[in-house]
2 protein chains.
Amino acid sequence: MMEIKREDRRIRQTKEKLRNALAELMKEKGFESIRIHDLTERADINRGTFYLHYKDKYDLLEQNENEIIQDIVHIHEEAKKTEHAKHPRPPSEPASIFVHLFEYLQENSDFIQVLFGKNGHYSFQTKLKTILRENMLKKFLNAQLEKRMLIPIEYFSSYVISAHLGIIQQWVEGGMKESPKEMALIITRITFHQIIAKEEYPALKFEKPFQKESESMYNERDK
Amino acid sequence: MMEIKREDRRIRQTKEKLRNALAELMKEKGFESIRIHDLTERADINRGTFYLHYKDKYDLLEQNENEIIQDIVHIHEEAKKTEHAKHPRPPSEPASIFVHLFEYLQENSDFIQVLFGKNGHYSFQTKLKTILRENMLKKFLNAQLEKRMLIPIEYFSSYVISAHLGIIQQWVEGGMKESPKEMALIITRITFHQIIAKEEYPALKFEKPFQKESESMYNERDK
DNA sequence: AACATTTTGTTCATTAATAAACAAAATGTT
DNA sequence: AACATTTTGTTTATTAATGAACAAAATGTT
């Protein structure tokens, strides 16, 4: 049984500082013109310390992107364990996976803005999309849901992942004004009212006009 | 010639973290109920590290208060060297001592709010008042201004120092909404239009109605 | 008041970060 | 193109911070 060794706090703090410095500097001047000296000065650490943890600035970016991706995947997997118990869902209750997801995105908002923003980092989004899709495909195949789908699951998972990422991007570009819970509610309603089978995953049928619900949703947001 | 050794950045960072933790916790629960564990947890440092720098929480508070005081005195002394060259002053230009002072107060706003706020730390304010007054008295005596004053300088310096601290406290209690420059302009006008001799420090004469200027000042703030 | 639990203060061995120095590589200037 | 300057990557000795452990002191519970 391997003992899970928590990362020394000094290492954690150094990495956090560098991530923040990277995000700020990327916002200010893009990635390419950033120098190591810029990063270490902004992070208030010694240059040698940078090299204790990262090979170069590309390594810094890649490692941080991968951490974001792993965290998002982890939220996804943790929530999947508890989400099935919560069905049917009251119309004003967001799925907790989405609450956790948006809370996470807000906690890391500086870097998330850099990755998802208008001048966002496309390789990151491609990577994230790919991993989320594979993760989703695997889950479907494990549950043998493919047989119940009216559309091929590759398209379905692409549809859902892209739509979710689109909503995240819109939120980020709009300045992340809505709270994580508000965003979670928005995305829950879109996700579960449109594409879930009556038992669990509905066929893609639009039986109710969406306008009415969209209206009541915005009223709720105004209070 | 003693070499001025800059403080190792690790020490500086540790102290900054502890000051911030102290300020936050004082806001949340006052000083007396704060435990060392609260401080080190909030600051994300090892408990042993706390004791490398401070004897106990009282030492932490006192050292930080003294640093604020020394910094304020230092701003005062630095600005005095350049301020006399700038006379007469255009009505829309704040004295740079006050700009620097309010900038400093804003940079340290968390702790300043704790020290100057409504439930502020009275011993700090007493200490600050005393040191600023002594500093001011010394300067007057050095310049032999006492002979030109219409009132005893102990009273004059108490008047000025208390008035300035009153304004700072008002700003802090109001949420520090005005910018440092705005505050510097307010305090500059009050200070130099009311109490400075025509040549340098005027007698205490109120020749102009203060209302008119107060009005134009607020118009300026609205733009 | 007796006992349990928490907090504090201290010690110690280890680790991560530090600043300085140096050479190589990259960029800037003429 | 030649040279100057800046930036990078690396090495080293030193220092500050770390976590664990322990005893004493303080606080909480009955």
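Computed from a predicted model, the values in this text were never measured in an experiment. Sequence lines set the chain letters: A, B, ... in the order given, protein chains first and strands last, and positions in each chain run from 1.
Rounded to whole Å, the distance from CG on L39(B) to P on dT8(C) is 9 Å. Across the protein-nucleic acid pair, H37(B) atom NE2 and dG19(D) atom C1' stand 13 Å apart, rounded to whole Å. Between L60(A) atom CG and dT8(D) atom P there is a gap of 13 Å when expressed in whole angstrom units. In this entry the distance linking OH of Y54(B) with P of dA16(D) reads 14 Å, nearest Å. Distance, R6(A) CZ to dT18(D) P: 12 Å, rounded to whole Å. Counting to the nearest Å, the C1' atom of dT10(D) and the CD1 atom of I36(A) are 14 Å from each other. Note: CG (D38(A)) to P (dT6(D)) measures 14 Å, nearest angstrom. Across the protein-nucleic acid pair, D59(A) atom CG and dG9(D) atom P stand 11 Å apart, rounded to whole Å.
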Dot-bracket assigned to DNA chain C with the 3.5 Å Watson-Crick/G-U criterion, [ ] for crossing and | for other-strand pairs, is ||||||||||||||||||||||||||||||
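A salt bridge is absent between K17(B) and D44(B); no separation between the charged side-chain nitrogens and carboxylate oxygens falls under 4.0 Å. Salt bridge present: E28(A) and R42(A) bring a charged side-chain N and a carboxylate O closer than 4.0 Å. Taking the charged nitrogens against the carboxylate oxygens, K177(A) and E182(A) have no contact shorter than 4.0 Å, which rules out a salt bridge.
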For nucleotides 14-18 of chain C, list the nitrogen or oxygen atoms of the protein found under 3.5 Å from its nitrogen or oxygen atoms, one pair per line.
from    : atom 1 : to     : atom 2 : distance (Å)
dT15(C) : O2     : R10(A) : NH1    : 2.8
dT15(C) : O2     : R10(A) : NH2    : 3.3
dA16(C) : O4'    : R10(A) : NH2    : 3.4
dA17(C) : OP1    : R10(A) : O      : 3.1
dA17(C) : OP1    : T14(A) : OG1    : 2.6
dA17(C) : OP2    : H53(A) : NE2    : 2.8
dA17(C) : N3     : R10(B) : NH1    : 3.1
dT18(C) : OP2    : N46(A) : N      : 2.8
dT18(C) : OP2    : T49(A) : OG1    : 2.4

Which protein N or O atoms sit under 3.5 Å from an N or O of nucleotides 24-26 of chain C?
none

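Of the N and O atoms on the side chains of N108(B) and R19(B), at least one donor lies less than 3.5 Å from an acceptor on the other residue. Counted by atom type alone, D59(A) and Q63(A) present one or more donor-acceptor pairs between their side chains at under 3.5 Å.
In this structure, L128(B) CG and L115(B) CG are separated by 9.5 Å, a value rounded to the nearest 0.5 Å. Note that CD of Q170(A) and CD of E173(A) are 6.0 Å apart. Values are rounded to the nearest 0.5 Å. To the nearest 0.5 Å, atom CG of residue L22(B) and atom CE of residue M26(B) are 5.5 Å apart.
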Take E154(A) and R133(A) through the test salt bridge (charged side-chain N to carboxylate O under 4.0 Å, His left out) and record every step on the way to the result. CA-CA 8 Å; E154(A) 313 93 73; R133(A) 215 180 53 226; over 6 Å; no
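Proximity of Y51(A) to the phosphate of dG9(D): a side-chain N or O atom is located under 4.0 Å from OP1 or OP2.
A cation-pi contact, defined as under 6.0 Å to the ring centre and within 45° of the axis, is absent between K181(A) and F102(A).
Put simply, the side chain of H100(A) gets close to the backbone of S96(A): a donor and an acceptor are under 3.5 Å apart.
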